[in-house]
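Just below is one structure, and these are the notes that go with it.
Everything quoted here is computed from the prediction, not taken from an experiment.
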Number of protein chains: 2
Amino acid sequence: MSIVVVGSVAFDTIASPSGSVKDILGGAATYFSLAASYFTQVRMVAVVGEDFGVEQEKVFEKRGIDTRGIERAKGKTFRWGGSYTDNLNEAKTNFTDLNVFQTFQPRIPSEYNDTEFLFLANIQPTLQADVRRKMNGVRLTGCDTMNYWIQGTRAELGETLKLVDVLLINDTETKMLANETNLPRAAHKVLAMGPKALVIKHGEYGATIFFREGAFGIGHHPFRAPALPIEEVKDPTGAGDSFAGGFMGYLASQNELSREVLKRSLFYGGVMGSFAVERFGTERLQSLTRDEIDARFQVFRELTHLE
Amino acid sequence: MSIVVVGSVAFDTIASPSGSVKDILGGAATYFSLAASYFTQVRMVAVVGEDFGVEQEKVFEKRGIDTRGIERAKGKTFRWGGSYTDNLNEAKTNFTDLNVFQTFQPRIPSEYNDTEFLFLANIQPTLQADVRRKMNGVRLTGCDTMNYWIQGTRAELGETLKLVDVLLINDTETKMLANETNLPRAAHKVLAMGPKALVIKHGEYGATIFFREGAFGIGHHPFRAPALPIEEVKDPTGAGDSFAGGFMGYLASQNELSREVLKRSLFYGGVMGSFAVERFGTERLQSLTRDEIDARFQVFRELTHLE
């Protein structure tokens with residue numbers, strides 16, 4: 001099994017109460033790929049500039065990630081700068097230099113054509129839809145988006161949502177998309193827009209998955225995976241993308257697409273998100289073992305498990 | 001088994017997106033008592049004014065709650081007015097008329113002396129400590145507090161915390177009390193102040209219990225109970241007190257004070273909090289059945305349960 005991810009690769013400059021770093025490897029597709037690589041074969045579609053070198057390339061190579069879909073364009077790689085103060089849940093963006101990402105036109109290598117799973121990270125909705133249409137043979141498509149697209153390109157996003165199976169967004173984005181302040185009611189409105197399942201990421205409180213009636217089996221109850229209370233949160237950047245990587249990666253490693261598998265995927269999403277925040281950038285995601293991942297899965301499971 | 005609760009009885013005037021009500025029965029001790037009454041014998045210590053009549057008295061009577069500790073003072077009952085806008089997690093206080101509550105000196109009837117459990121609802125910390133000292137024979141004491149006491153009477157609160165077994169507060173209060181923004185680290189600091197366990201209420205995301213090393217059995221992991229995503233939140237008033245009532249009430253109904261019992265108590269806390277918000281005031285808490293409560297307990301359990 002394998003998964004294609006389309007999204008950003010970036011150099012991040014980050015300050016948090018635990019320190020600061022400059023121009024470290026980041027971007028949604030990067031966090032997603034590293035997290036998913038512990039479960040399945042990952043194939044990237046992205047664009048980088050001339051400043052993207054061997055050092056960065058090696059990070060993906062070591063995790064066996066296929067980078068043939070990473071286009072090298074003239075100019076500089078996308079750069080983002082952000083800082084976190086005491087409220088680690090919210091980043092203050094200091095600068096966004098789109099650079100080569102501004103004119104990104106995803107091109108899918110023919111070698112990726114047999115891929116069964118697809119994840120559309122947070123890019124312009126029409127680009128997401130184009131990729132989805134090109135990858136017509138996939139079994140399941142996951143999708144992310146953000147307030148910028150919800151407010152600025154609602155019609156285009158609406159078209160994209162008709163083409164995806166699982167949408168992964170946070171509480172605020174769900175309420176904004178549905179124009180509804182009650183979360184479960186907002187969830188049902190979003191499901192009516194197209195996705196068969198909606199994963200709402202609650203940050204440090206975990207995530208909830210809502211199912212469209214009849215999708216992935218029977219039952220109408222949502223399901224929640226808790227997040228582990230983490231003592232050492234160094235850098236929250238990429239937590240949501242790592243969550244998506246764990247969720248989609250585990251899903252892509254399973255034969256069956258049942259509710260029980262989606263539930264376990266939700267736990268693995270939380271596990272990978274919790275690892276990501278323990279170190280700056282992708283450091284923790286580069287050197288995990290499957291044993292460490294499964295040990296934390298057990299801790300998460302026991303966190304809410306009654307005898 | 002039985003439990004004494006010391007706290008406020010009030011008349012509330014509430015506005016929320018679902019409507020508004022005037023002078024309905026409320027107060028921390030009221031919500032707590034009604035919620036706990038489904039699990040154990042509840043004995044109240046509170047003060048009301050001359051406007052507290054047969055109608056209010058009957059609410060407690062119907063649930064078999066012992067009101068011999070409710071003092072009737074000259075003047076009016078405590079009144080609170082609050083409103084909720086779209087963010088149902090936060091009340092805007094419109095007015096607070098303490099009335100007879102201003103000079104409240106809790107008096108414990110001698111008939112309450114054999115009580116095994118005690119809950120100190122949110123009142124001035126020195127009054128909480130006095131009650132705790134008078135009820136010297138209890139097996140376990142639960143305690144609530146709020147930002148007003150944390151900021152204004154920190155030294156007095158510190159003395160109270162040495163005398164209680166379980167403190168139940170929310171995320172913001174925990175961070176404020178510990179002067180620490182990371183929640184697990186804040187939790188450990190609060191446990192060092194005295195309580196054997198700390199229950200942090202996360203509102204719509206559930207609650208987490210942290211244990212002091214060696215308290216209530218072995219192990220160092222916290223435990224979390226999720227909350228059910230509720231489609232119809234009419235009035236969040238009293239959710240935290242109802243949570244405390246479910247938690248302490250279930251605990252008081254069990255012989256053993258083990259971690260497993262505390263975990264189930266945490267789930268029952270979430271269950272009672274979720275019922276409370278479905279109707280204005282105490283309406284839903286007045287007419288539940290134990291079957292309805294246990295059915296929701298199962299739903300909560302399945303909400304995070306992997307096969």
Side-chain angles (χ1 to χ4, degrees), chain A residues 17-18 84-89 171 174-175 179-188 200 202-210 219-234 258-268 270 297-307, chain B residues 17-18 84-89 171 174-175 179-188 200 202-210 219-234 258-268 270 297-307:
Chain A
S18 304
Y84 304 88
T85 49
D86 277 351
N87 180 4
L88 287 164
N89 291 318
D171 290 51
T174 304
K175 291 174 182 176
N179 200 15
E180 161 66 55
T181 56
N182 176 281
L183 200 64
R185 283 208 301 263
H188 295 305
I200 305 178
H202 310 308
E204 60 180 315
Y205 301 115
T208 308
I209 185 164
F210 289 85
H220 63 280
H221 282 303
F223 182 79
R224 180 170 290 179
L228 182 72
I230 302 258
E231 296 214 19
E232 198 60 47
V233 178
K234 286 210 166 147
S258 64
R259 291 208 174 187
E260 200 55 32
V261 167
L262 281 157
K263 289 174 182 182
R264 287 204 300 273
S265 303
L266 203 70
F267 268 77
Y268 277 110
F297 179 90
Q298 281 308 322
V299 171
F300 269 52
R301 188 178 182 145
E302 279 158 32
L303 186 64
T304 60
H305 187 78
L306 293 178
E307 266 159 36
Chain B
S18 304
Y84 303 88
T85 49
D86 278 350
N87 180 4
L88 286 165
N89 291 317
D171 289 51
T174 304
K175 292 173 181 176
N179 200 15
E180 162 66 56
T181 56
N182 177 280
L183 199 64
R185 283 208 301 265
H188 296 305
I200 306 178
H202 309 309
E204 60 180 316
Y205 300 116
T208 307
I209 185 164
F210 289 85
H220 61 281
H221 283 305
F223 182 79
R224 181 170 290 178
L228 181 73
I230 302 256
E231 296 215 19
E232 197 61 46
V233 178
K234 286 213 167 143
S258 65
R259 291 208 174 188
E260 202 53 36
V261 167
L262 281 156
K263 290 174 181 182
R264 288 204 301 273
S265 303
L266 204 69
F267 269 76
Y268 276 110
F297 179 91
Q298 281 309 321
V299 171
F300 270 53
R301 188 178 184 145
E302 279 158 31
L303 186 66
T304 60
H305 187 78
L306 294 177
E307 268 161 33

Contact leader toward chain B among A/Leu183, A/Val233, A/Ile230, A/Thr208, where contacts are heavy-atom pairs under 4.5 Å: A/Ile230

So, B/Glu307 side chain and A/Glu260 main chain: donor-acceptor pair closer than 3.5 Å or not? no

When rounded to the nearest 0.5 Å, the distance separating OH of A/Tyr205 from CD of B/Glu204 is 9.5 Å

Which region of B/Leu266, side chain (C-beta onward) or backbone (N, CA, C, O), has a non-hydrogen atom less than 4.5 Å from a non-hydrogen atom of chain A, or is it both or neither? neither

Top of B/His188, B/Glu302, B/His202, B/His221 for chain A proximity - count of heavy-atom pairs under 4.5 angstrom: B/His202

B/Arg185 side-chain N/O to A/Glu231 backbone N/O, donor-acceptor pair under 3.5 Å: yes

Output the option from B/Glu232, B/Arg224, B/Lys263, B/Arg264 having the highest count of non-hydrogen pairs under 4.5 Å with chain A. B/Arg224

Please determine, among B/Phe223, B/Phe210, B/Phe267, the option with the most heavy-atom pairs under 4.5 Å with chain A. B/Phe223

Does any backbone or side-chain atom of A/Phe300 lie under 4.5 Å from a heavy atom of chain B? Answer side chain, backbone, both or neither. neither

Against chain A, label B/Arg301 side chain, backbone, both or neither, depending on which of its atoms sit under 4.5 Å from a heavy atom there. side chain

If one checks every heavy atom of B/His305 against chain A at 4.5 Å, the contacting part turns out to be both

Heaviest contributor of heavy-atom pairs below 4.5 Å to chain B, chosen from A/Pro17, A/Ala227, A/Ala187, is A/Ala227

